[in-house]
Amino acid sequence: MRYEGEPDKLVYDARPTITNYRENQVADAKPTESNQSTASSSNILKNWILPSANDFIKNPAKHLKRPAGNPGSDFSFVQGDFNDESWESVDLPHDWAINGPFYKEANPVVGGGMGRLPVQGVAWYRKKLNIPFADAGKTIQLQIDGAMSYAMVWLNGSLVGGWPYGYNSFCLDLTPYIQPGGNNQLAIRLDNPNNSSRWYPGAGIYRNVWLIKTNSVHIGQWGTFIQLKKIANHTATLHLSVEIENKSNSDQKIELRTDLYQQNNKTGTSGKKVTAIPSSTVDVRPGSKSNFSFSFNLKNPLLWGPPPLQSPNLYVAVTTLYVNGKRIDEYETPFGIRNVQFDPLKGVLVNGQPVRIQGVNQHHDLGALGAAFNLRAAERQLQILAEMGCNSIRMAHNPPAPELLDLTDRMGFLVIDEIFDCWERGKTPLDFHLIFKDWHEADLRAFVRRDRNHPSIIAWSFGNEVGEQYTNDSGTVLAKELHDIVKEEDSTRPATASMNYAKPNMPFPRETDILSLNYQGEGIRDAPAYAHLKGIRTSPLYPEFQKQFPNKLIVSSETASALSSRRTFLFPVYNGISAPVSDSTGGNSVKQEVSAYELYTAAFGASPDKVFASQNMHPYVAGEFVWSGWDYLGEPTPYYTARSSYCGIIDLAGFEKDRYYLYQSRWRPGLPITHILPHWTWPDRVGLITPVHVFSSATEAELFVNNKSQGRKRKAPYEYRFRWDSVLYESGELKVITYRRGKPSATQIIRTAGNPSSLQIRADRTVISADGKDLSFISVRVVDDKGTMVPEANNRIHFQISGPGVIVATDNGNPADLESFHSNDRNAFSGLALVIVRAQSNTRGTITVTATAGGLNPGQITVSTR
Ligand code: GAL
């Protein structure tokens, strides 16, 4: 890999010059008019790249022909004999920007919006592919599941094609350029524009890459689709379609057979065979693709459904092609059988059972690991969310790594799979709007085709808060076009787009099958504390949407945008339930901290409590997707001098903020938890008012300060926390006893901590695979001599490792910490720090991680690798 930074002469297209762009606009600001290229360049390669989309353009008349010539062939990096020994050797998935360093200056090259990391510019990746003689005659394709961005690919000096949108998977046929019998030089150029995203996009080949070798007659890319037609009398009627591609030069008589197996949803491996679809013989003409479909029944199907009431049972269909009795291709289609209904009054029903959407929005980055996909890191994100009671994820606002959808299938999450944050009207100067006209159809079809067999996906979203909401009829025509493309690719799921502006009486919402509202349901800037703010303002719109569209399900695809820094409490505390953060209310712009009383929000947001009340008052609403589940890199509203967001329920390092327990108390009401805030170590607040709030699903609670009752409280309707707002601080012990139906249900005690004394170390897993990918997430707590966590401890911790492992990154979840994630030194933040450790490949042994800090007893832990 070689990072060039400055563009070379091989550009995809000219880009407009940016003037007067200010990135820290409020997220619901009106998007701008389309901004097209103005500059020109004689080396524009776009006409050679566009034909890569042909398989995803429906109208054959619109298929583009590749112009003559082979641009870039004279460029040294694409040539086999170029000496790349001085280049950095990297493993994929790879994110070139994540190790920074962060841009710390006042006018950074890359601003807080995109995470202050060096994502911008050109980089090249080269690899020699050893293709034996035995592969002559095979079809050889390269599938890239995400390259950020504007990927252009050369093989043996010939330009093969490319794909600009960094979030989609794409496949290029290398066959015509392959030279069997030795090394073939692959060269991939990426060109990631600055000012192209409202969050950290990542940089590089950040997802998996596959070299796919098949017979020239084979099942096409994403060429199978299994649909449930009906379930009755304990029998599922399924429909399988298979696309066969014949790249040979003769007619082919193909025997096609499909066997169905159960799939283990813990390991992903296939188990018992359950049925076989009788074989059929089909003819496919040379150079063509043909679709064949089959209907079949499966008795007593094990249905897929979300826990805890249902199980995510999976199957895999194995389709095999034979020519003259010889097996020539085999293709696996994992799938699940489930019946999802969207009832405007009852909400989402899975297999007839109502499932409330207890969802979150997730961006694609994995915190300190950046955008580089890692299965264990993604699984950990989902596990921590599931423990909170979260059952649904909206993939904001782009196609995720395919492996993430395998995880949501296996773990039983409901998913809204989303593709675009903008259409023709852009949100940042160089975002997708520049190429929307050329690429939207191909991107949209590729997106649905890749993901349509995942049972976890319940709906497609073809846009988030797009500027076309503002353009009435013309925007609606475009919405309809996108909606119809999705439905052509998959008629079984609703297609939607999230609306923060379109109103019930506007034409836009007519083009969505379900109504996905961002913030509008509970009202935007409509509480007293928001009265002075400019921007979109609406009263709660659930009732009006329901009246206008009585047959459409309503879900809040974004709620909250509540902000906080984990376990950081600022005074005084707002006495209402929701307020926009400012220096006088919940914020400290100097320290770039937002108070964790969990009452403060973005300008257009609402606290969790306000959202809960609104959802309960409108019970036909199917539920919510909170913005956001985890903190993510970039978009550090309200402090654009920081690196990562404040809106997560879980911080960037994976530590739960106080809010986590507020959602858990609502989403897992049977769990007898109590969570007290703030912490109780305030040497400077003796005698001062220090409000105490408690998150619990109980109905009553009594608070004691050093055994003196502060009163027993009962939650009023539409209240979701207990609060004692006039407690005077004294050091010692804070105790809460909660009651359900008059009986004590849970007790929690927290105590004033002394001075930092030791580091306590704990790993999420102490045995990991030695596959060069698996991770152990190790956290360190600063505690006093009694083992009580010191809540504001920010000691500088040094990490050391020995044995067959490496430290991949460290973090502490503080959005304002601009120390490189690569550093082995990290200040604790609110008493905690994280170190992420990876085992080396193929080395069994014991890794020892030691954490030290000046004046404290060190912490040490071992992790074994297998
Ligand atoms: C929404 C937007 C999200 C994010 C969020 C921030 O308006 O759809 O992408 O920007 O605000 O709070």
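The model shown is predicted, which means the values in this text are computed figures rather than measured ones. Note that ligands are numbered from 1 as they come in the structure, with each ligand's atoms numbered from 1 the same way.
- Atom 8 (O) of ligand 1 has E558 OE2, 2.8 Å as its closest protein atom, hydrogens excluded (heavy atom only).
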Evaluate the criterion ring-ring contact (aromatic ring centres under 6.0 Å, His included) for residue pair F170 and Y165; output intermediate values, then yes/no.
CA-CA 10 Å; F170 63 97; Y165 193 38; over 10 Å; no

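- Interface of Y519 with ligand 1, defined as ligand atoms under 4.0 Å from a residue heavy atom, comprises 1 (C), 5 (C), 7 (O), 11 (O).
- In summary, the atoms of ligand 1 found under 4.0 Å from a heavy atom of E465, numbered by their order in the structure, are 1 (C), 2 (C), 7 (O), 8 (O).
- When every heavy atom of V119 is checked against every heavy atom of P201, the shortest pair comes out as CG1-CD, 4.3 Å.
- Every atom of ligand 1 with a heavy atom of S561 under 4.0 Å away is listed here by number and element: 5 (C), 6 (C), 12 (O).
- Just one of D28, N464, T559 meets the side chain to side chain donor-acceptor pair (under 3.5 Å) condition when paired with N518; it is N464.
- With H363 as the partner, the ring pair (Phe, Tyr, Trp, His ring centres under 6.0 Å) test is satisfied by one option alone out of Y167, W630, W627: W627.
- Taking atom 10 (O) of ligand 1 as the reference point, the nearest protein heavy-atom neighbour is E635 OE2, 2.4 Å.
- The distance criterion of under 3.5 Å between nitrogen or oxygen atoms is not met by H363 with respect to ligand 1.
- At a heavy-atom cutoff of 4.0 Å, ligand 1 is contacted by the side chain of N464 but not by its backbone.
- Any N or O atom pair closer than 3.5 Å counts here, and D421 shares no such pair with ligand 1.
- Each of the atoms 3 (C), 8 (O), 9 (O) of ligand 1 lies under 4.0 Å from some heavy atom of H397.
- By the 4.0 Å heavy-atom criterion, W199 is excluded from the residues contacting ligand 1.
- Taken to the nearest 0.5 Å, the NZ atom of K427 stands 11.0 Å off from the CD atom of Q25.
- The salt bridge (Lys or Arg N to Asp or Glu O under 4.0 Å) pairs that include a residue from residues 456-482 are K480-D484, where partners are two or more places apart or lie in different chains.
- Y597 pairs in a ring pair (Phe, Tyr, Trp, His ring centres under 6.0 Å) with only one of the listed residues (F569, F695, Y574), which is F569.
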